[in-house]
**Q** 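The structure's right below; bear with me while I get my questions together.
Both backbone and side-chain heavy atoms feed into the values below; hydrogens, waters and symmetry mates do not. Chain naming here is simple, since letters A, B, ... match the order of the sequence lines and numbering starts at 1 in each. Just so you know, these numbers come straight off a predicted model, no measurement behind them.
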Amino acid sequence: MPEPTFLREPILDWYAENARDLPWRRPDATPWGVLVSEIMLQQTPVSRVLPVWTEWMARWPTPAALAAEPPGEAVRRWGRLGYPRRALNLHACARTITAEHGGEVPSDHATLLSLPGVGEYTAAAVASFAFGGRHAVLDTNVRRVLARAVRGEQYPPRSTTAAERALAEALLPEVGAPTWSVAVMELGALVCTARAPRCAACPVAHLCRWRLSGSPEGPPRKGQAYAGTDRQCRGRLLAVLRQAHGPVPKQALDVVWDDAVQRERALDALVADGLAEPLPDGTYRLPV
DNA sequence: GACCCGTGGTC
DNA sequence: TGACCAAGGGT
């Protein structure tokens, strides 16, 4: 395997020339802005996050501002970003930060990790990008770049392994770790893409082990079915609650999904997740 | 580790 | 056209 540190210079030079100008990367971005961006970006493309993030920052520039709202308002303003529990998580983050951390986003990895919806990746990303900390940032982009360039595989393992963490830590420079991390992520997002990698534009194509071995196709990976699932049903039901500006009669929910058994199960799950609230009169609304 | 959780774009 | 994919996390 190529000495992994050989990757650093070319990738950092490439990033200096090709980095996108994203608002949460600007010098005036706050730790809160970074945290909001990282949670919005979970499994969600940048292009869809941009307008929602901008609205959130204008409306709720601090954790305290969001904490003052009912959780349902966060869900409503989440729009169609998907995985709406993230909106609830962000709202809970805001209340915890306001109540227990003096209104300031915590800077250390362990405390970040204790916040709802903040896992290993997000804690490392916020500690790095908002506070300059030195942490291995292993997202799907980084994992794919390292799998190809170093391990010679088309795709990384399905779940993160100890070997991947060890490699990411070994690559982390003593100085400038956050820039290195965002540079690898950017390379994965713009060049070393999952489907049709643009190897002609890649600064490390000449030492990419996967490329050098002929870019062999790995086994096909099964995607998740969606049509007809509870997830799709939940999405339809929640869309009705989001669009309404008050309680909606149950009949308004019934008309968006035919299968009554599945519909009731999904609605119960939304209530259990705190995304919907049943009222005594049989209507439903976003949580207050 | 397996499975669940939304949504829309892409080839 | 439908399968795959996108800065994951929780159970």
Side-chain angles (χ1 to χ4, degrees), chain A residues 19-20 22-25 29 33-53 75 78-90 92-93 112-130 135-145 154-162 168 178 181-190 192-198 217-242 256-257 262 265-266 269-270 272-276:
Chain A
R20 288 169 292 181
L22 301 176
W24 46 85
R25 285 184 188 160
V34 173
L35 174 61
V36 171
S37 78
E38 290 300 341
I39 290 186
M40 287 184 173
L41 286 163
Q42 290 169 2
Q43 300 288 286
T44 309
V46 165
S47 59
R48 289 187 22 225
V49 167
L50 274 170
V52 182
W53 183 89
V75 175
W78 193 252
R80 302 187 66 79
L81 275 187
Y83 292 141
R85 281 194 292 205
R86 294 181 294 164
L88 239 31
N89 287 337
L90 224 22
C93 279
L112 286 164
L113 200 51
S114 73
L115 297 173
V118 176
E120 179 60 39
Y121 161 77
T122 303
V126 174
S128 298
F129 305 146
H135 302 274
V137 178
L138 268 181
D139 78 324
T140 188
N141 291 307
V142 174
R143 297 182 61 223
R144 189 174 54 249
V145 170
Q154 184 181 21
Y155 296 118
R158 311 190 91 74
S159 58
T160 306
T161 63
S181 296
V182 75
V184 184
M185 287 174 63
E186 192 79 334
L187 185 66
L190 299 183
C192 193
T193 52
R195 217 100 44 104
R198 303 170 48 224
E217 289 283 324
R221 306 189 298 175
K222 66 160 190 243
Q224 69 279 36
Y226 182 63
T229 60
D230 284 13
R231 290 159 75 179
Q232 184 181 29
C233 181
R234 288 165 57 113
R236 293 256 187 98
L237 296 173
L238 197 60
V240 173
L241 299 185
R242 259 198 327 260
V256 300
W257 197 264
Q262 188 176 26
R265 180 172 68 233
L270 285 174
D273 287 348
L275 285 164

**Q** Under 3.5 Å, is there any donor-acceptor pair linking the side chain of A/Arg48 to the base of B/dT7?
**A** yes
**Q** Does a side-chain N or O of A/Arg80 approach OP1 or OP2 of B/dG8 to a distance below 4.0 Å, or not?
**A** yes
**Q** Look at all strands and tell whether A/Trp78 reaches a base, only sugar-phosphate, or nothing, counting heavy atoms closer than 4.0 Å.
**A** nothing
**Q** Please classify the nucleic acid contact of A/Ile39 as base, sugar-phosphate, or nothing, using heavy-atom distances under 4.0 Å.
**A** nothing
**Q** What is the nucleic acid contact for A/Gly119, judged by heavy atoms within less than 4.0 Å: base, sugar-phosphate only, or nothing?
**A** sugar-phosphate
**Q** Report the nucleotide, chosen from B/dG1, B/dC11, B/dG6, that has the shortest atom-to-atom distance to any side-chain atom of A/Gln43.
**A** B/dG6
**Q** What distance, rounded to whole Å, do you find between the two P atoms, one in B/dC3 and one in C/dC4?
**A** 16 Å
**Q** Counting the atoms with a prime plus P, OP1 and OP2 as sugar-phosphate, which does A/Pro84 contact under 4.0 Å by heavy atoms, base, sugar-phosphate, or nothing?
**A** sugar-phosphate
**Q** For A/Ser47, which contact category applies under a 4.0 Å heavy-atom criterion: base, sugar-phosphate, or nothing?
**A** nothing
**Q** Does any nucleotide pair with B/dG1 by Watson-Crick or G-U wobble geometry, both distances under 3.5 Å, and what is it?
**A** none
**Q** Reckon A/Ser159 touches a base, only the sugar-phosphate, or nothing at all at heavy-atom distances under 4.0 Å?
**A** sugar-phosphate
**Q** How is A/Arg195 classified with respect to the nucleic acid when contacts are heavy atoms under 4.0 Å: base, sugar-phosphate, or nothing?
**A** base
**Q** With a non-hydrogen cut-off below 4.0 angstrom, is A/Val137 in contact with a base, only sugar-phosphate, or nothing?
**A** nothing
**Q** At under 4.0 Å between heavy atoms, what does A/Ala269 touch on the DNA or RNA strands: base, sugar-phosphate, or nothing?
**A** nothing
**Q** If you look at every strand shown and take non-hydrogen atoms under 4.0 Å, does A/Tyr155 touch a base, only sugar-phosphate, or nothing?
**A** sugar-phosphate
**Q** Say you pick atom P in B/dG8 and the same atom in C/dG9; how far apart are they, in whole Å?
**A** 23 Å
**Q** In whole angstrom, give me the gap between the P atoms of B/dC4 and C/dA7.
**A** 23 Å
**Q** Regarding A/Arg144 and A/Asn141, is there a side-chain donor-to-acceptor distance under 3.5 Å anywhere?
**A** yes
**Q** For A/Gln262 and A/Cys233, which heavy atoms make the closest approach, and how far apart are they?
**A** O-SG, 4.2 Å
**Q** Between B/dG6, B/dT10, B/dT7, which nucleotide gets closest to the side-chain atoms of A/Tyr83?
**A** B/dG6
**Q** Between which nucleotides of DNA chain C, 5' to 3', does chain A make heavy-atom contacts below 4.0 Å?
**A** C/dC4 to C/dG10
**Q** On DNA chain B, does the nearest nucleotide to A/Gln42 precede the nearest nucleotide to A/Thr160 from the 5' side, or the other way round? Give the residue.
**A** A/Thr160
**Q** What does A/Arg143 touch in the nucleic acid at a heavy-atom separation under 4.0 angstrom: a base, only the sugar-phosphate, or nothing?
**A** nothing
**Q** Would you indicate what A/Leu22 reaches in the nucleic acid, counting non-hydrogen atoms under 4.0 angstrom: base, sugar-phosphate, or nothing?
**A** base
**Q** Distance check: side-chain N/O of A/Arg234 vs OP1/OP2 of B/dG6, anything under 4.0 Å?
**A** yes
